[in-house]
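This report refers to the structure that appears directly beneath it.
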There are 2 protein chains.
Amino acid sequence: MKKAAATRLSILQKAFELIYTKGYQTTSIDDIIATTQVTKGAFYYHFKTKDEMGVAIINEILKPTLSDSFIRPLQKGQNPLTSIYNSMYELLMKNEFLKVEYGCPASNFTQEMTPWNADFNKVLKELTHQWAKEMTTTIENGKKNGFIRKDIDAKQVTLFVMSGYWGIRNFGKLENSKKVYLSYLKQLKNYLETLK
Amino acid sequence: MKKAAATRLSILQKAFELIYTKGYQTTSIDDIIATTQVTKGAFYYHFKTKDEMGVAIINEILKPTLSDSFIRPLQKGQNPLTSIYNSMYELLMKNEFLKVEYGCPASNFTQEMTPWNADFNKVLKELTHQWAKEMTTTIENGKKNGFIRKDIDAKQVTLFVMSGYWGIRNFGKLENSKKVYLSYLKQLKNYLETLK
DNA sequence: ATAAAAACATACTAATTAGTATTTTTTTGG
DNA sequence: CCAAAAAAATACTAATTAGTATGTTTTTAT
């Protein structure tokens with residue numbers, strides 16, 4: 001029971017790539033098995049339906065990535081404002097898992113699958129809340145340590161920052177250029193400055 | 001040549017409703033002609049392909065709506081900061097054309113069709129730039145009239161605000177609740193305050 | 001009123017879709 | 001090594017898809 005796990009993971013990874021670039025609905029099972037060199041029998045041995053595979057992608061591919069690229073960077077450094085800014089800079093400008101022309105995978109999934117698929121909705125909420133929780137904690141710590149004003153509403157700021165992130169990812173997709181990321185980052189910096 | 005125009009418009013309007021709620025790719029021509037009570041012959045008399053119809057929806061349905069609901073409210077009032085805030089409040093909380101569970105039509109289209117369809121990309125850029133241009137002008141006027149600091153970069157602020165809008169629309173979709181809109185609006189107000 | 005063009009209707013096609021039924025191969029524990 | 005279970009391969013189905021070919025009806029201009 002080792003090769004099987006490898007096959008499963010291979011399907012999830014290749015399928016994710018296809019879905020990230022083409023969209024979920026327009027990526028067919030036939031597309032997936034063609035690029036993975038796996039047969040239909042193998043695919044349906046590992047996943048009962050296409051949607052089950054989609055949910056597995058979020059749980060087994062996106063969630064670990066979230067932990068590494070979105071959560072951990074927030075926990076580094078003393079000043080939460082620079083932590084947030086730096087993590088955003090890293091995500092938008094440096095991260096090579098995420099491409100400007102394809103936007104944010106979680107945002108894409110949300111746009112495409114919510115509100116019509118309750119299973120997707122559930123795991124996407126979990127994913128999002130995980131990030132939000134961490135950012136809120138970071139901000140609260142900043143308030144305790146004097147980096148951020150006491151009257152700042154951490155949850156509100158988190159929502160505002162995350163919205164900006166999702167939005168600018170969509171803008172990047174539209175413009176197919178990281179230039180918009182740079183403009184956004186400058187303004188994000190200004191905004192974060194006003195919180196101290 | 002009057003009835004024909006009505007048929008065409010009817011197709012566009014019904015098709016828009018379906019696409020707004022279900023997504024473009026998952027709305028079939030058969031869906032559209034079933035709900036419009038129009039036959040396939042009539043549909044393909046008015047539109048060469050599905051994509052031509054999609055582009056027509058953006059040009060003939062979304063663009064006029066943009067002018068009415070996004071552009072005009074920005075031109076009302078003296079203070080650009082309250083104009084921007086009020087127009088956002090109106091869009092998110094009052095507008096009955098836009099539903100929280102379905103997000104922003106332009107953002108949905110961008111997410112789903114860019115970067116794979118150049119025609120969609122073009123008209124969506126036009127749509128977006130139209131709004132951006134107006135908001136930038138509004139901010140520049142505010143600088144001249146002393147409502148906004150001279151060192152503020154109008155284009156940057158526009159991009160930041162628009163990103164937040166697109167992002168919170170996606171959040172609303174995920175949460176299926178206008179609560180997130182209210183949090184967002186409070187923080188938007190705070191942010192706009194810092195520009196004066 | 002009537003011919004021509006515009007608008008619409010009907011019946012089809014070929015490709016693609018998710019999913020299944022059945023068989024074969026591979027892996028595993030004893 | 002070997003039976004049983006796991007994993008994978010093959011060949012199919014029924015539904016749906018965008019689009020077409022070929023009509024018929026309705027408008028329009030004269």
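All values below were derived from every heavy atom in this structure, side-chain atoms included, with hydrogens, water molecules and symmetry-related copies excluded. We name chains A, B, ... by the order of the sequence lines, and we start the count at 1 in each one.
A salt bridge is absent between A/Glu193 and A/Lys189; no separation between the charged side-chain nitrogens and carboxylate oxygens falls under 4.0 Å. Under a 4.0 Å N-O distance rule, the pair A/Arg149/A/Asp151 qualifies as a salt bridge.
Rounded to an integer number of Å, the gap from CZ of B/Arg8 to P of D/dT27 is 19 Å. In this structure, NZ of A/Lys50 is placed 15 Å from C1' of D/dA15, rounded to the nearest angstrom. Taking atom CG of residue A/Asp31 and atom C1' of nucleotide C/dA15, one finds them 13 Å apart after rounding to whole Å. In this structure, CD of B/Gln25 is placed 15 Å from C1' of D/dT16, rounded to the nearest angstrom. In this structure, A/Tyr24 places its OH atom 10 Å from C1' of C/dA18, rounding to the nearest Å. Regarding A/Ile33, its CD1 atom lies at a distance of 15 Å from the P atom of C/dT20, rounded to whole Å. If you measure from atom CG of A/Leu18 to atom P of C/dA18, you get 12 Å, rounded to the nearest angstrom. Going from atom CG of B/Asp30 over to atom P of D/dT20 covers 15 Å, rounded to whole Å.
For B/Tyr45, counting side-chain heavy atoms from C-beta on, the closest listed nucleotide (C/dA9, D/dA8, C/dA7) is C/dA7. Ranking D/dA8, C/dT17, D/dA18 by closeness to the A/Ser28 side chain, first place goes to C/dT17. Distances from the side chain of A/Tyr44 to the nucleotides C/dC8, C/dG19, D/dT20 place C/dG19 closest.
Here the side chain of B/Ser107 pairs no donor or acceptor atom with the backbone of B/Cys104 at under 3.5 angstrom.
Not a single donor-acceptor contact under 3.5 angstrom links the side-chain atoms of B/Lys48 to the base of D/dG19. Remark: the A/Lys40 side chain and the C/dG19 base include a donor-acceptor N/O pair separated by less than 3.5 Å.
When the options A/Arg169, A/Glu175, A/Lys186 are evaluated for a side chain to side chain donor-acceptor pair (under 3.5 Å) with A/Tyr181, the one that passes is A/Arg169.
At the phosphate of C/dC8, OP1 or OP2 sits under 4.0 Å from a side-chain N or O atom of B/Thr7. In terms of phosphate contacts, A/Thr49 brings no side-chain nitrogen or oxygen within less than 4.0 Å of OP1 or OP2 of C/dA18. Side-chain N/O atoms of A/His46 include none lying less than 4.0 angstrom from OP1 or OP2 on D/dA6.
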From CA spacing to verdict: ring-ring contact (aromatic ring centres under 6.0 Å, His included), B/Phe171, B/Tyr184: CA-CA 10 Å; B/Phe171 251 100; B/Tyr184 166 79; 9.9 Å; no
